[in-house]
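The chains referred to below are lettered A, B, ... by the order of the sequence lines, with proteins before strands, and numbering in each begins at 1.
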Amino acid sequence: MDVRDTLSASLKKIETREGKRLNMFVCGPTVQDKPHMGHARTYVFYDVLARYLRYKKIRLFYLMNITDIEDHIITKMQETGRSWEDIIDSNSSEFFRVMGILKNNSVNYYAFATDYISEIIAQVSKLIKKGYAYEIADGVYYRARKFKDYGKLSKQNLDQLMIGARVEVNEEKEDPLDFALWKKKKEGEPSWPSPWGEGRPGWHIEDTAITESFFGPNYDIHGGAKDLIFPHHESEIAQMEAISRKKPLVKYWIHTGHLNVDDIKMSKSLKNFVTVEEALKNYWPEAIRIMMLSMRYNAAVNFDEKAVVDAQGTAERISILQHRVNSSKLTKNERAEEVVKRILAPLENDVNTPETIKEFLGFVKDSLAKSKMTEEEKGEIKYVLNEVEKVMGIVHNAPLPERSMDIVLNLRNELRKKGDYGSADKIRDSLKDEGIKIEDTAEGSYLWW
RNA sequence: GGGUAGGUGGCAGAGCGGCUAUGCACGGGACUGCAGAUCCCGACUAUUGGGGUUCGAAUCCCCACCUACCCUCCA
């Protein structure tokens, strides 16, 4: 399959060697707050990428870091008076919880930055030894200009950057471009011992320390949102390639577009965010996934009420079909396999999820239009839904005691036959309160939820 | 100022040289005890502007304009 690689700014074919594992690292969140929909957007995408690679029988190791020490976490401590442990525990638990509900369950391992302090220290030491880093009063810094490729990922001309435009320049640094590898402790900050005194790691070094621990100096896919290209990912390249001298750090750099609100990026600092928790109160996780996956991953997505409501409707339509065929036996045959193949084929082309969704919805529409279906046809549809679900995670399927529900349904239909609509409606209304909807059709009555 | 992505119907958003998606919204109908959902039909028939390449361009090239993102922490 092809994927758009940021470094080469072109489509690259993902090469896999027989029996060799594919390693993917995606930048996880800083757990200073509850995850918002912007995070959901990014991680839903990488989840689908991971699911699809595995669907193709590629052995994939999907690693994600959790940034549990960083300036904003410290700010949060100061603002709220809460302890560091309390903040990261509650927010990371919430992150894992909502990722689970969103069906983002393809990550093999979550690595907390502070579990890799010794690896971080080792990398910083190597950089100092190689002349790429130096110590000053408040920390250890990387000599960005010494790494001649600095800027290659973001295509930046270092002399034309707006240095210090909005941030105070530390005059003690050799060059304003130099970035922190280790920050020395200030009063009240969490810290770890190091050769440079008590302190904490810089942001960029956390990731290279983690990826080197798991993957060594080189690996396959590195993902994250676009805002991380510079300076974060740029600096990762500078650190790891300077240490290992083994280029390239990463074969495929994939960057996702943002989730916007009124065309402006949803972000913690702008306070224009909607938490995933809030969104899940009103919408199915499948609806959120459909919304996110309805556009190309590299484009910006506008988050507005209408878009999610639309997606919710779509998710419900899929669910209706799902419940119509659910009691049938799964039928895997050539025709069904062809359909699945057609639906998933666009993913080969730079993970074109919108095309896949379009194909899938076409299939759903055609299937719903069939007035009389044989058991075999139902079984085929069930197979298609199953396979698509494996990759996309957009088929809503909350478990319910199906059989006991059938009893309720049959009783209600007897009441309807007798003309006791009052009682029949009462049943329908009560079930609706439970989130279960009844659909009466010429073919019979169905429940869905 | 530099860099990176884009600019498609009422809205959202695919397509990336010829076949003009899809969803929502809109109009009409079918089904139904009602409701919801579903289905059928219809209308709208678009590609920022200006040049160019081509038999043919939303799709390729050039220029202009506009937008977002990055150069501060950020998914």
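- Between B/rC73, B/rA75, B/rA14, one nucleotide has an atom nearer to the side chain of A/Arg296 than all others, and that is B/rA14.
- Looking at the side chain of A/Asp227, the nearest of the listed nucleotides B/rC70, B/rA68, B/rA5 is B/rC70.
- Distance from the side chain of A/Asn260 is smallest for B/rA68 among the nucleotides B/rC70, B/rA68, B/rG33.
- With B/rC71, B/rC40, B/rA5 as the choices, the nucleotide that has an atom nearest any side-chain atom of A/Ala369 turns out to be B/rC40.
- Between A/Lys370 atom NZ and B/rC31 atom C1' the separation is 20 Å, expressed in whole Å.
- As rounded to whole Å, 12 Å separates atom C1' of B/rC69 from atom CG of A/Asn298.
- A/Arg428 contributes a side-chain N or O that forms a donor-acceptor pair with the base of B/rA35 under 3.5 Å.
- Considering only side-chain atoms of A/Lys265, the nucleotide from B/rA75, B/rU38, B/rG33 that sits closest is B/rA75.
- Out of B/rG1, B/rA14, B/rC39, the shortest distance to the side chain of A/Gln160 is found at B/rG1.
- Evaluation of atom-type donor-acceptor distances gives a pair under 3.5 Å for the side chain of A/Asp425 against the base of B/rG33.
- Comparing B/rA43 with B/rU48, their C1' atoms sit 26 Å apart, to the nearest whole Å.
- Rounded to whole angstrom, the span from the NE2 atom of A/His204 across to the C1' atom of B/rC71 amounts to 12 Å.
- With distances taken from any side-chain atom of A/Asp440 to the nucleotides B/rC71, B/rG33, B/rU38, the minimum falls on B/rG33.
- Looking at residues 340-367 of chain A, you'll see A/Asn352, A/Glu355, A/Lys358, A/Lys365 sit with a heavy atom under 4.0 Å from some atom of RNA chain B.
- Nearest to the side-chain atoms of A/Asn157 among the listed nucleotides B/rA75, B/rC71, B/rG2 stands B/rG2.
- Each of B/rG2, B/rC71, B/rC39 was ranked by its minimum atom distance to the side chain of A/Gln156; first place goes to B/rG2.
- In this structure, the CG atom of A/Asp178 is 15 Å from the C1' atom of B/rC71, given to the nearest Å.
- Of the options A/Tyr43, A/Tyr46, A/Phe45, a ring-ring contact (aromatic ring centres under 6.0 Å, His included) to A/Tyr297 is made by A/Phe45 and by none of the others.
- Taking 3.5 Å as the limit, the base of B/rC69 and the side chain of A/His258 contain no donor-acceptor pair of atoms between them.
- Side-chain atoms of A/Gln239 and A/Tyr132 form no donor-acceptor pair, as typed in the model, at a separation below 3.5 Å.
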Do any side-chain atoms of residues 356-363 of chain A form donor-acceptor pairs under 3.5 angstrom with protein atoms, and if so which ones, sequence neighbours left out?
| unit_1 | atom_1 | unit_2 | atom_2 | d |
| --- | --- | --- | --- | --- |
| A/Thr356 | OG1 | A/Ile343 | O | 2.9 |
| A/Glu359 | OE1 | A/Arg342 | NE | 2.9 |

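- Using cut-offs of 30° and 60° for the angle between ring planes, the A/His233 and A/Trp253 rings count as tilted.
- For A/Pro231, whose side chain is taken as the heavy atoms from C-beta onward, the closest listed nucleotide among B/rC71, B/rA14, B/rC40 is B/rC71.
- If you check every strand for non-hydrogen atoms under 4.0 Å, A/Ala307 touches nothing.
- For A/Leu293 and B/rA14, the CG to C1' distance is 14 Å, given to the nearest whole Å.
- In summary, the side chains of A/Ser90 and A/Arg82 do present a donor paired with an acceptor at a separation below 3.5 Å, with no hydrogens or angles considered.
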